[in-house]
Protein chains: 2
Amino acid sequence: MPQDSLEASPSPRKRTRAGAPRRATVPQILNAAEWTFGTRGLKGTRLEDIAKVCDIPKGNILYYFGSKEDLYNATLSRLLDVWLTDADHWLSSDKDPLDGLRGYIEAKIAFSRARPEGSRLFAQEVLSGGHMVQDFLRGELRAHVARHVAIFLEWQAKGIMAPIDPTHLLFLLWSGTQAYADMQVQYEAVLDRTPLTDGDYETAVTTLMTLVRPLFSQPASGALEADENKTLKRSL
Amino acid sequence: MPQDSLEASPSPRKRTRAGAPRRATVPQILNAAEWTFGTRGLKGTRLEDIAKVCDIPKGNILYYFGSKEDLYNATLSRLLDVWLTDADHWLSSDKDPLDGLRGYIEAKIAFSRARPEGSRLFAQEVLSGGHMVQDFLRGELRAHVARHVAIFLEWQAKGIMAPIDPTHLLFLLWSGTQAYADMQVQYEAVLDRTPLTDGDYETAVTTLMTLVRPLFSQPASGALEADENKTLKRSL
DNA sequence: GTCTATATGAAGATAGAC
DNA sequence: GTCTATCTTCATATAGAC
């Protein structure tokens with residue numbers, strides 16, 4: 001029940017069996033809120049818009065959540081919960097690096113495709129200064145980064161990964177994958193396709209993998225095709 | 001006078017020598033608007049905020065620009081003008097690919113650093129559906145992409161560039177560089193530095209170059225350092 | 001041509017009905 | 001416990017003063 005943590009629930013004292021409408025409505029509101037906040041921002045969103053999507057009177061939203069800002073926070077926190085856990089387990093020091101990275105990249109791209117509004121919501125928030133997610137950024141996210149950086153460093157210590165700044169590499173993986181949600185309309189306009197196709201998202205993964213692969217190559221398989229006749233052993 | 005194109009100037013019929021306050025005030029307003037719109041979005045921005053920065057009464061803004069939306073459009077269009085021209089000349093088929101790419105990447109990062117609000121303004125706009133920049137996306141930007149893609153394809157035809165999707169590679173260059181403006185607070189939180197240092201931005205460039213370099217390697221210089229003793233000639 | 005006081009409208013929150 | 005009518009605030013835009 002991650003989303004309940006921030007919810008201003010009006011005294012759920014006695015374990016009432018009522019609240020059937022509540023259990024149905026609250027997640028519905030959160031979904032609609034994620035969509036609307038993600039595309040229109042906090043200020044750009046009217047509670048009535050969310051209400052209309054849910055087909056409920058706008059007052060009800062303020063009944064379930066105390067205020068517009070509270071709803072915004074609840075929506076954000078539900079999102080952040082999914083986020084990290086989703087891609088976190090892909091990278092570990094014992095797995096094959098390239099397999100792990102491919103899984104990570106595919107997971108991030110899949111998220112951008114499946115829940116673009118979520119990605120956009122977070123982007124909107126960070127873009128606007130990220131005041132609502134300061135704790136998250138300085139806490140959970142920093143820990144998440146530290147874990148992944150440690151893995152990269154381990155690989156580099158073992159000599160199986162090229163010397164590249166681990167943190168900035170992560171930044172590039174984030175931005176490259178999330179942009180397929182955040183900059184979606186830009187990409188659609190450039191590619192002249194709405195929506196983007198399966199093939200487009202596959203190409204996205206392939207392109208990222210092509211850039212990442214040489215970091216692990218002995219020496220550089222895949223950079224140029226049809227070229228397997230080269231020195232395959234490295235100095236280590 | 002790019003910004004005048006969208007400006008609702010009230011009948012500048014007779015070539016009046018007045019407008020001295022105008023010439024001083026209008027750019028000032030546009031600068032303040034770029035900042036405010038970029039960090040708070042269209043809806044999140046109050047004309048009074050912009051007015052306060054410029055130290056003028058808020059009514060004046062509506063005098064110079066017809067409406068809030070008109071000011072927003074003017075701000076956007078001034079930004080887009082700078083944008084493409086800025087990095088456009090770095091890539092050309094006769095230059096050395098890696099030099100060109102380094103120039104391009106450095107220019108984009110420099111822009112992210114020098115004018116982060118501008119980058120954020122554009123990001124906000126695209127994130128929100130990009131309705132105000134549809135023409136730009138489907139016109140100038142698409143042409144810009146076509147030019148660069150053509151160069152990449154030429155390099156690939158010559159066999160000096162690895163087979164990677166040119167458009168998606170561009171996407172990654174954009175997202176990777178712009179994120180240093182758009183996701184600035186996130187990066188600052190992760191790196192625990194505010195603001196980011198010269199070194200951080202240098203590392204950003206280096207990291208991107210490390211990923212891009214193998215695309216042009218004979219066969220893969222730079223992927224792992226201290227390893228210049230390998231086959232330097234390719235099959236072509 | 002430049003600036004200011006006022007009107008108009010919209011959206012969030014509250015209090016009270018069911 | 002759930003929902004709705006009303007209040008209040010606040011920001012844009014207008015009209016008119018200087």
Is it true that the side chains of [X] and [Y] contain a donor and an acceptor less than 3.5 Å apart?
| X | Y | value |
| --- | --- | --- |
| B:Asn73 | B:Arg78 | no |
| A:Gln124 | A:Arg120 | no |
| A:Asp165 | B:Thr203 | no |
| B:Asp88 | B:Thr85 | no |
| B:His89 | B:Tyr104 | no |

Could you give the [atom1]-to-[atom2] distance, from [X] to [N], as a whole number of Å?
| X | N | atom1 | atom2 | result |
| --- | --- | --- | --- | --- |
| A:Leu71 | C:dA11 | CG | C1' | 15 Å |
| A:Ile61 | C:dT14 | CD1 | P | 15 Å |
| B:Ile29 | C:dT2 | CD1 | P | 11 Å |
| B:Glu69 | D:dA13 | CD | P | 8 Å |

Considering only nitrogen or oxygen atoms on both sides, find all protein atoms under 3.5 Å from nucleotides 4-11 of chain D and state each distance.
| from | atom 1 | to | atom 2 | distance (Å) |
| --- | --- | --- | --- | --- |
| D:dA11 | OP1 | B:Arg46 | NH1 | 2.7 |

task: Could you tell me whether B:Phe136 and B:His144 have their ring centroids closer than 6.0 angstrom?
output: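 So the answer is no for these two rings.
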
task: Respond yes when some side-chain nitrogen or oxygen of B:Tyr64 is under 4.0 Å from OP1 or OP2 of C:dC3, and no when none is.
output: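 Yes, within the criterion.
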
